[in-house]
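Remember, it's 1-based here, ligands and their atoms both numbered in the order they're listed. Residue indices begin at 1 and follow the sequence shown.
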Amino acid sequence: MRVDIVSIFPEYFAPLDLSLIGKARANGTLRLAVHDLRTWTHDVHRTVDDTPYGGGPGMVMRPEPWGEALDALAPPEVHPPRLLVPAPTGARFTQAMAHELAAEPHLLFACGRYEGIDQRVLDHAATRMPVTEVSLGDYVLFGGEVAVLVIMEAVTRLLPGVLGNVSSLDEESHAHGLLEAPMYTKPATWRGLDVPEVLRSGDHGRIARWRRDEALTRTADRRPDMLASLDPATLDKRDLAA
Ligand SMILES: CN1CCC[C@H](Cn2ccc3ccc(-c4n[nH]c(N)c4C#N)cc32)C1
């Protein structure tokens with residue numbers, strides 16, 4: 001997978017050199033390039049923003065530098081990337097979207113700052129590539145960089161070979177529409193608290209049942225919205241009895 005990120009704060013993405021994402025870059029699974037939007041400015045002050053038409057607080061990111069950046073990173077003669085634009089107005093980023101993005105050959109992230117990017121940048125880009133505005137959730141950040149870090153982690157871990165233990169993808173929260181069961185490791189007793197006996201029983205059928213029951217209970221307690229949208233076909237009669 002190829003990923004290009006455009007930002008006025010390229011140093012924000014230093015963490016993408018670390019850990020499993022860093023390894024994915026080193027072995028070629030992920031080809032990531034971070035670009036400074038100011039590369040595509042031509043004035044002495046390298047200006048990327050201006051006052052909003054119609055008035056209002058703050059500044060808006062000028063279209064010209066973005067237009068030149070997207071032209072350079074998504075030239076018309078090459079198969080277009082999927083353009084992702086983090087914004088509070090975007091579609092909620094979910095694990096399902098992470099899987100969708102992990103299947104894309106080329107992602108191009110546009111990180112806005114100030115009050116956002118001139119709308120014409122997205123409208124013009126949409127004439128020649130798929131454009132998705134995406135939001136992490138219902139709160140307001142300073143800009144898109146943090147969202148790109150989150151999306152990059154969620155997507156990269158789904159790429160083949162990145163996670164050593166692929167089976168962990170099957171059981172993790174949101175994989176089957178449920179939160180995962182609590183996890184324990186040694187020692188069996190810690191500060192007077194015991195690991196649930198079933199997990200030390202060696203009875204894999206009981207363990208699987210216990211974990212499923214815990215996942216259902218947790219999801220019902222903490223995320224009833226997830227339970228409401230669960231595909232009934234994924235529930236068996238023992239789940240309904242839980
Ligand atoms: C007061 N104004 C309101 C509009 C947005 C301004 C800050 N900003 C500029 C670019 C930009 C990109 C993403 C986000 C953002 N916020 N919350 C999320 N879940 C996001 C995501 N993805 C925020 C952003 C602040």
> So which of V6, D4, I151 actually passes side-chain contact (heavy atoms from CB on, under 4.5 Å) with F109?
Replying inline: I151
> What residue pairs, at least two apart or across chains, pass salt bridge (Lys or Arg N to Asp or Glu O under 4.0 Å) with a residue in residues 5-19?
Replying inline: D17-R25
> Counting distance only, does the side-chain N/O of R113 pair as donor-acceptor with the main-chain N or O of D49 below 3.5 Å?
Replying inline: no
>> We want to know whether T47 and R62 form a side-chain donor-acceptor pair, criterion being a heavy-atom distance below 3.5 angstrom.
In response: no
>> At less than 4.0 angstrom from any atom of ligand 1, which residues have a non-hydrogen atom? List them by chain and residue number.
In response: P86, A87, P88, G112, R113, Y114, E115, V134, S135, L136, G137, Y139, V140, L141, F142, G143, G144, A147
> Between CG of L84 and CZ of F93, what distance do you get to the nearest 0.5 Å?
Replying inline: 9.0 Å
> Does a salt bridge link R218 with E180, judged by any charged N lying under 4.0 Å from a carboxylate O?
Replying inline: no
